[in-house]
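Every value quoted in this text rests on a predicted model; they were computed, and no experiment measured them. So you know, we letter chains A, B, ... as the sequences are listed, proteins then strands, and number each from 1. In what follows, every heavy atom counts, from backbone to side chain, and hydrogens, waters and symmetry copies are set aside.
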Amino acid sequence: MGKVYITTAIPYVNGVPHVGHAVDYLLADVCARYQKQLGNEVRFQAGTDEHGSKIWQKAKEQNIPVEEYVAANSKKFQDFISKLGVEYTDFVRTTDSDHQERVQKIWEKIKDHIYLAKYEGWYCSGCERFITDKEYEENNGVCPDHQKPYEKLEEENYYLKISDFKDQIRDAIESHKMLILPEFREKEILKLLEESPDVSISRPRSQLTWGIPVPGDDNQVMYVWMDALSNYITVLSYPDEDISNWWPAYAQFVGKDILRFHALIWPAILLALGLELPKTLSSHGMILANGQKMSKSIGNVIDPLEVLEKHGTEAFRYYFLRHVDTFADSDFTWEKFEDAYNNELANDLGNLVQRLSTMCKKNNFSLNHVPEIKLEKEYCDLMNEFRFKDAFDFAWEKVQAINKKIDDEKPWALAKEGNVEKLNQVLSGLVVNLLEVNELLKPFLPETSAKIAEIFTNEIMPPAEPLFPKK
RNA sequence: CGAGGGGUAGAGCAGCCUGGUAGCUCGUUUGGCUCAUAACCAAAAGGUCGCAAGUUCAAAUCUUGCCCCCUCAACCA
């Protein structure tokens, strides 16, 4: 059996967990659980991105030592991931000393592809950032936030020569050696690749204090790319240890907003290191609230912890894996969530478990032996193509089919007739069907799946509490 | 000339690449059943497939033009 490495994007810890982070974790978790189901050994990375001036400032504003600030926020994310029922094996914090040392070694290793260059542009000392020429023109040379004229500023940055690897990256994408999902994102990335300039990977220390120092240059600190992207391999102890057991990654899950960095900069780093590219980069969409992007200023941000609190992990997983598209943007509303919970989880699945187990109990039926269950090809194909929502749909149709079969076969009528042989035969078929479906649900709803297996193996007993009580 | 996605029944979506009776879920209406969480099953109503032109025996599907919405390009996941 193979070894499979799966990664998630590491969130920037200048805030609390967002409902959007959950999508990334859940998709990766479904992928991981499915791989385990197939018998593969899985390593699953998660982590937090903790450097940068934004975080430095936030900590300062709150009068907390920055180390404490990031530790507290990182903890929030770890708790969040656990509440989602996500089984990660490795957690990396970019402020870990191991990570920092390894990133510096990585920098040294790819030095041939790094050069120092001057950057000149318009700068706002209030915003502490460079602005584009376009922005400069739009604002007539004055920062609207600070009412200060922009200054011409020159600074030195280290650059990574993406240009050295463009051909290799394009080949990898086109040949699907590095598969980018969904397909339309692949097209987008290929276009971007052509225009992609070399990328700045450091900042002067005067501008960015909270970060990993560039080896051999006290004036420069690494900018986010080298620091954060490297996490996927530093967590495997690269370059201190051989990572060929796990690398290349089977799948890396990212949001569409950061796909470009994972599809352009990250491959360049890997190629510079002489490492293989990940086999798949799967990008998901954003969660909208009532069709609008969530933002603090509009005040429509959905707190994932509130959802988890109210309906629990399994309902959360259900909604975000089945009613949120695997690849495209999707809408979240409480109404949709509750409809899905009541009509589908409670009525379709919960009620099915209830009615079938009760019927078995009443008629004193139990399965003699649990047959070996094989996953269907159609389901496996969907899972292998990372079309998790479609695979979940496929499983759900089977749940509904069992409800129909019960109606068709009318076991209650057989019971009244006293046709025990036929009744047992029917119940046996139904229970086996349910156990088969249950296997398909396993990666999506692990707890529920375990409960159902428990209920229907050995002596069949209806659950003391309904699986999903209606709300 | 920046790039990408979308516009299909009241709502949310699939179908489009590989043209050939327009499909799914929810909602609505009606009927059935009683094992079950007032749950389950069935049937019906409901669509000029954004607009216009072209190719074709045949277009939601291919081509062209236009209109509208969204996203990314820049640190609000």
Margin query: Please report the distance, rounded to the nearest Å, between CG in Asp329(A) and P in rG7(B).
Written below: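 For the pair Asp329(A) CG and rG7(B) P, the rounded distance is 14 Å.
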
Check: Rounded to the Å, how far apart are Asp325(A) CG and rC70(B) C1'?
Finding: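 These atoms are roughly 15 Å apart.
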
Next item on the list: Tell me which residues in residues 69-78 of chain A put a heavy atom below 4.0 Å from RNA chain B, sorted by number, or none.
Entry: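 Those residues whose heavy atoms fall under 4.0 Å from RNA chain B, taken from residues 69-78 of chain A, amount to none.
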
Check: In residues 19-29 of chain A, which ones come under 4.0 Å of RNA chain B, going by heavy atoms?
Finding: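 Output list: Gly20(A), His21(A).
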
Select one nucleotide: of [options], the one nearest the side-chain heavy atoms of [X].
| X | options | answer |
| --- | --- | --- |
| Glu188(A) | rA3(B), rC40(B), rC35(B) | rA3(B) |
| Asn343(A) | rA77(B), rU37(B), rC26(B) | rC26(B) |
| Ala346(A) | rG27(B), rU37(B), rC35(B) | rU37(B) |
| Tyr223(A) | rC75(B), rC41(B), rG4(B) | rC75(B) |
| Gln354(A) | rA36(B), rC33(B), rA73(B) | rA36(B) |
| Lys404(A) | rA42(B), rA39(B), rG4(B) | rA42(B) |
| Ile287(A) | rA77(B), rC40(B), rC35(B) | rA77(B) |
| Thr358(A) | rA73(B), rC35(B), rU37(B) | rC35(B) |
| Arg355(A) | rG5(B), rU37(B), rC40(B) | rC40(B) |
| Asp339(A) | rA39(B), rU71(B), rC26(B) | rC26(B) |

At under 4.0 Å between heavy atoms, what does [X] touch on the DNA or RNA strands: base, sugar-phosphate, or nothing?
| X | answer |
| --- | --- |
| Gly350(A) | base |
| Leu467(A) | base |
| Lys54(A) | base |
| Lys410(A) | nothing |
| Phe468(A) | base |

How far does the [atom1] atom of [N] sit from the matching atom of [M], given to the nearest Å?
| N | M | atom1 | result |
| --- | --- | --- | --- |
| rC33(B) | rA14(B) | P | 38 Å |
| rG27(B) | rU71(B) | P | 30 Å |
| rA9(B) | rC24(B) | P | 15 Å |
| rA52(B) | rC67(B) | C1' | 11 Å |

Margin query: Consider ring-ring contact (aromatic ring centres under 6.0 Å, His included). Of Phe80(A), Phe77(A), Phe320(A), which one does His21(A) pass it with?
Written below: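 The option that passes is Phe77(A).
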
Notebook entry, point to check: Among Phe261(A), Tyr232(A), Trp225(A), Phe165(A), whose ring-ring contact (aromatic ring centres under 6.0 Å, His included) with Trp266(A) holds?
Noted result: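 For Trp266(A), the ring-ring contact (aromatic ring centres under 6.0 Å, His included) test succeeds with only one of Phe261(A), Tyr232(A), Trp225(A), Phe165(A), which is Tyr232(A).
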
Check: How far does NZ of Lys398(A) sit from NZ of Lys404(A), to the nearest 0.5 angstrom?
Finding: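 Those atoms lie 14.0 Å apart.
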
Any side-chain N or O of [X] less than 4.0 Å from the OP1 or OP2 oxygen of [N]?
| X | N | result |
| --- | --- | --- |
| Lys405(A) | rC41(B) | no |
| Lys336(A) | rA11(B) | no |
| Lys470(A) | rA38(B) | no |
| Lys361(A) | rC35(B) | no |
| Lys293(A) | rC72(B) | yes |
| Asn351(A) | rA38(B) | no |

Is it the case that the side chain of [X] and the backbone of [Y] share a donor-acceptor pair, with hydrogens and angles ignored and the cut-off at 3.5 Å?
| X | Y | value |
| --- | --- | --- |
| Tyr341(A) | Ala346(A) | no |
| Thr8(A) | Gln45(A) | yes |
| Lys451(A) | Leu467(A) | no |
| Thr358(A) | Gln354(A) | yes |
| Ser283(A) | Leu181(A) | yes |

Next item on the list: Tell me, please, whether Trp210(A) has Lys60(A) positioned over its six-membered ring: NZ or CZ under 6.0 Å from the ring centre and within 45 degrees of its axis?
Entry: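 Checked: cation-pi criterion not met.
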
Notebook entry, point to check: Under a cut-off of 3.5 Å for both distances of each Watson-Crick or G-U pair, what dot-bracket string does RNA chain B give, using [ ] for crossing pairs and | for inter-strand pairs?
Noted result: .(((((((.[[[[.)....(..]]]].(((((.......))))).....[[[[[..)....]]]]])))))).....

Note to self: Heavy-atom nearest nucleotide on RNA chain B for Ser330(A) versus Met359(A): which residue maps closer to 5'?
What the structure shows: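 Upstream on the strand: Ser330(A).
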
Item checked: First of Asp331(A) and Pro469(A) reached from the 5' end of RNA chain B, by closest nucleotide ->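 Comparing both residues, the 5'-ward one is Asp331(A).
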
Margin query: Over 60° means perpendicular and under 30° means parallel, so tell me whether Trp107(A) and Tyr158(A) are parallel, tilted or perpendicular.
Written below: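 Rings of Trp107(A) and Tyr158(A): perpendicular, over 60°.
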
Notebook entry, point to check: Using the ring of each side chain (for Trp, its six-membered ring), is Tyr379(A) parallel, tilted or perpendicular to Phe444(A), with breaks at 30° and 60°?
Noted result: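 Taking Phe444(A) first and then Tyr379(A), their aromatic rings stand perpendicular (interplane angle over 60°).
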
Check: What heavy-atom pair brings Lys470(A) and Asn342(A) nearest, and what distance separates the two atoms?
Finding: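 Closest approach of Lys470(A) to Asn342(A): CA-OD1, 3.7 Å.
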
Next item on the list: Begin from the C-alpha positions of Tyr319(A) and Phe337(A) and carry the test ring pair (Phe, Tyr, Trp, His ring centres under 6.0 Å) through to its verdict.
Entry: CA-CA 6 Å; Tyr319(A) 187 85; Phe337(A) 186 92; 5.3 Å; yes

Check: Would you say Lys118(A) has more than 12 foreign heavy atoms packed within less than 6.0 Å of its NZ?
Finding: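 12 or below, so no.
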
